[in-house]
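This report refers to the structure that appears directly beneath it.
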Amino acid sequence: MSKEITSRSDDYSQWYIDLVRKAGLADYSAVKGCMVIKPYGFAIWENMRDTLDRMFKDTGHQNAYFPLFIPKSFLSKEAAHVEGFAKECAVVTHYRLKNAEDGSGVVVDPDAKLEEELIVRPTSETIIWNTYAGWIQSYRDLPLLINQWANVVRWEMRTRLFLRTAEFLWQEGHTAHETKEEAVAEARTMLDVYADFAEHWMALPVVKGVKTANERFAGAEDTYCIEALMQDGWALQAGTSHFLGQNFAKAFDVQFSTRDNTREYVWATSWGVSTRLMGALVMAHSDDEGLVIPPRLAPMQVVIVPIPKPLPELDEAVQTIAADLRALGIRVKVDNDDQNRPGYKFAEYEKLGVPVRLGVGKRDLDQGVIEVARRDTKEKQSVPMEGLAQHVKQLLDEIQQNLFQRALAFRAEHTTRVDTWEEFVDVLDNKRGFISAHWDGTPETEQEIKELTKATIRCIPLESEHGASVEEGLCIRTGKPSRQRVLFARAY
RNA sequence: CGGGGUGUAGCGUAGCCCGGUUAGCGCGUCUGCUUUGGGAGCAGAAGGUCGCAGGUUCGAAUCCUGCCACCCCGACCA
């Protein structure tokens, strides 16, 4: 048990906060609702970002950058969009400060009032579609496949480190297409990219699905999403990909000449994942000792802790091991710090979630072995020095797999099919997790269930998904007919 | 914005109800020595506008008033 981290069973929420702070991922800042991402946390985010960026480029996208500020008028061009975001925007009204006359500091200069206020972007559809209007004239300009890495601001009333902060980092893809079919395919492709990343890099099983009208992105025709389950049985939306139809093209008048020499509005998508994924990563795998980071995203995949008895050949042995591992592309840290004792270091690296720890001392060298400790299961074994690097490489793969399988098993265990209201409420309160149930398809019933239980429909699983159940049934709330089970849960 | 709570050293806290010497303790930090295979031991040291402002009093961390900040519960959300 860690000395400084609240246990999950005592207080899951506090465990999460302790972990994020004590493992050096992030900290509160002087600005309410905004956090500081610390170097170790940012290193993990960089690994996520770099991996996703490569995946975007492999699917034909390019990066660009659009302004932080959006003219206020842009936000009112798409009706549903403004409805969804207006309430939580930060607004810039002035461009200058001046010294207060009473010497008390600086005050806003009333003479520097902006003619039109600027909105700090909560998302960039509007400024981007305003720009696209100038870039797209012909079908030859399509498709336009662009992504940007940026920060956005949503003035949330209640925030939680990584999961919901006023400012957060994300990527937002914005694409324009000739046809509806092509745009839908793009939205689905990016959903697949997100699911691939979540499962193969974050070791996080996700359900691919589509949002109900209530949960849909403001301005979208369809919102596809990946939904994950956290260890406390709450769901977390890990990424979204929207088919925007022609809504933004019409709002910003983006028409193109077609192959048939007619004029048509372009079809659009947008898709994004954010630093919220950091929260998902923590809550999916970590334990009471600290973080557990999947090897593929770990800033340090292996740490070597020498046991410092007076032993001249120890340093040479450690350097050889490190070099062998690095030759296989493994990220290695050698901890030669002599201020702390090995026991302290063991606990520290467990807190940081380093997947594999190697202990090397006189005892090992005498026998030609190394002590190999894995973070996920906390197992330790002595491995012959000969072939160690290969062994560690395989072990990293095994840990990556194990984390995924463990999370998958947890999700399977916490996904319950229910057919009655009583059962629904009981599972929600006592077992938690995903609930697969019939729903009559109306926003009113969905809303009613939300008000009664705080559970929302996380998604309607895609037909290709294991969680999907296309079958006749009766709504658990109203008893009206239903054609497919949907996935309910309480969500972050 | 409504309801509840908390502000004391870098962190965590005792003291407050019932005012009275130099505000105590743990962790951390610094120095030295000894240690080093699961969060080391001993010795010494530094570190405080008791959230801010005002009031009551001979005397305020403690009582009163106002303000500020943060946390928790709601409404809102990637």
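Just so it is clear, the values below take in all heavy atoms, side chains as well, and ignore hydrogens, waters and symmetry mates. Note that this is a predicted model, so its numbers are computed, not measured. First the proteins, then the strands, lettered A, B, ... as listed; each starts at 1.
- Here the P atom of nucleotide B/G10 and the OH atom of A/Tyr28 are 19 Å apart, to the nearest Å.
- A donor and an acceptor atom sit less than 3.5 Å apart, one in the side chain of A/Arg357 and one in the base of B/G38.
- The salt bridge (Lys or Arg N to Asp or Glu O under 4.0 Å) search around A/Asp11 returns none, not counting sequence neighbours.
- Distance CG (A/Asp11) to C1' (B/C71): 12 Å, rounded to an integer number of Å.
- Relative ring orientation between A/Tyr132 and A/Trp129 is described as perpendicular, the plane-to-plane angle rising above 60° on a 0-90° scale split at 30° and 60°.
- In this structure, A/Ile307 atom CD1 and B/A40 atom C1' are separated by 14 Å, rounded to whole Å.
- On a pure distance criterion of 3.5 Å, a polar donor-acceptor pair joins the side chain of A/Lys380 and the base of B/G38.
- A parallel orientation is assigned to the rings of A/Phe197 and A/Trp201, their planes being inclined by less than 30° (bins at 30° and 60°).
- Taking atom P on both B/C1 and B/G47, the two are 42 Å apart, rounded to the nearest angstrom.
- Between the C1' atom of B/A78 and the CH2 atom of A/Trp45 lies a distance of 11 Å, rounded to the nearest Å.
- Rounded to the nearest Å, the gap between the P atom of B/G44 and that of B/G12 is 28 Å.
- A straight line from CD1 of A/Ile304 to C1' of B/G37 spans 16 Å, rounded to a whole angstrom.
- When the P atom is used for both B/A14 and B/G26, the distance is 15 Å, rounded to whole Å.
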Could you go through the side-chain contact (heavy atoms from CB on, under 4.5 Å) check for A/Asp53 and A/Asn63 one step at a time? CA-CA 9 Å; A/Asp53 197 65; A/Asn63 285 330; 2.8 Å; yes
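- Atom P of nucleotide B/C27 and atom NZ of A/Lys22 are separated by 15 Å, given to the nearest angstrom.
- When heavy atoms are screened at a 4.0 angstrom cut-off, A/Ser274 is found touching base atoms of the nucleic acid.
- Using the six-membered ring where Trp is involved, A/Phe243 and A/Trp267 have ring planes that are parallel, under 30° apart on the 30 and 60° scheme.
- Between the side chain of A/Gln237 and the backbone N or O of A/Gly239, no donor-acceptor pair lies under 3.5 Å.
- Each of A/Phe346 and A/Trp170 has a nearest nucleotide on RNA chain B; the 5'-most of these lies closest to A/Phe346.
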Report all interatomic pairs (protein N or O, nucleotide N or O of nucleotides 74-76 of chain B) with separations under 3.5 Å.
| unit_1 | atom_1 | unit_2 | atom_2 | d |
| --- | --- | --- | --- | --- |
| B/G74 | OP1 | A/Lys454 | NZ | 2.9 |

Is there a side-chain contact (heavy atoms from CB on, under 4.5 Å) between A/Ile449 and A/Thr456 once you walk through the steps? CA-CA 7 Å; A/Ile449 293 172; A/Thr456 50; over 6 Å; no
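- The CD1 atom of A/Ile460 sits 6.5 Å away from the OG1 atom of A/Thr212 when rounded to the nearest 0.5 Å.
- Note: CG (A/Asp337) to P (B/U36) measures 17 Å, nearest angstrom.
- Side-chain polar atoms of A/His81 and A/Glu83 form no donor-acceptor pair below 3.5 angstrom.
- Secondary structure note: stems in RNA chain B built from 3 or more consecutive Watson-Crick or G-U wobble pairs under 3.5 Å occupy B:1-7 with B:68-74, B:10-13 with B:24-27, B:29-34 with B:40-45, B:51-55 with B:63-67.
- Atom CZ in A/Arg21 sits roughly 7 Å away from atom P in B/G12 (whole-Å rounding).
- Between A/Arg341 and B/A40, a side-chain N or O to OP1/OP2 separation shorter than 4.0 Å is present.
- Between B/U8 and B/U62, the distance separating the two C1' atoms is 12 Å to the nearest Å.
- A/Leu236 comes within 4.0 angstrom of nothing in the nucleic acid, heavy atoms only.
- With P as the reference atom, B/A53 and B/G41 are 41 Å apart, rounded to whole Å.
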Return the polar atom pairs (N/O with N/O) between nucleotides 30-32 of chain B and the protein under 3.5 Å, or none.
none

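- A/Phe168 comes within contact range of at least one nucleobase, with a heavy-atom separation under 4.0 Å.
- Evaluation of the side-chain contact (heavy atoms from CB on, under 4.5 Å) rule for A/Leu395 yields A/Val356, A/Val372, A/Arg374, A/Glu398, A/Ile399 as partners, not counting sequence neighbours.
- The residue among A/Glu350 and A/Gly239 whose nearest nucleotide of RNA chain B lies closer to the 5′ end is A/Glu350.
- Only the P atoms considered, B/G66 is 45 Å distant from B/C30, to the nearest whole Å.
- With no hydrogens or angles considered, no side-chain donor-acceptor pair links A/Glu156 and A/Thr165 at under 3.5 Å.
- For A/Glu117, the salt bridge (Lys or Arg N to Asp or Glu O under 4.0 Å) test picks out A/Lys72, with sequence neighbours left out.
- Classification of the A/Phe217-A/His242 ring pair by plane angle, with boundaries at 30° and 60°, yields parallel.
- Using a 4.0 Å heavy-atom criterion, one finds that A/Thr456 contacts no nucleic acid atom at all.
- Taking atom P in both B/C50 and B/A45, one finds a spacing of 24 Å when rounded to whole Å.
- Distance noted for atom P between B/C25 and B/A9: 15 Å (whole Å).
- Distances were taken from every side-chain heavy atom of A/Arg276 (C-beta onward) to each of B/G38, B/C71, B/A78; the shortest belongs to B/A78.
- Counting heavy atoms from C-beta outward, A/Met278 and A/Trp45 have side chains that approach closer than 4.5 Å.
- Considering only side-chain atoms of A/Arg154, the nucleotide from B/G37, B/A78, B/G39 that sits closest is B/A78.
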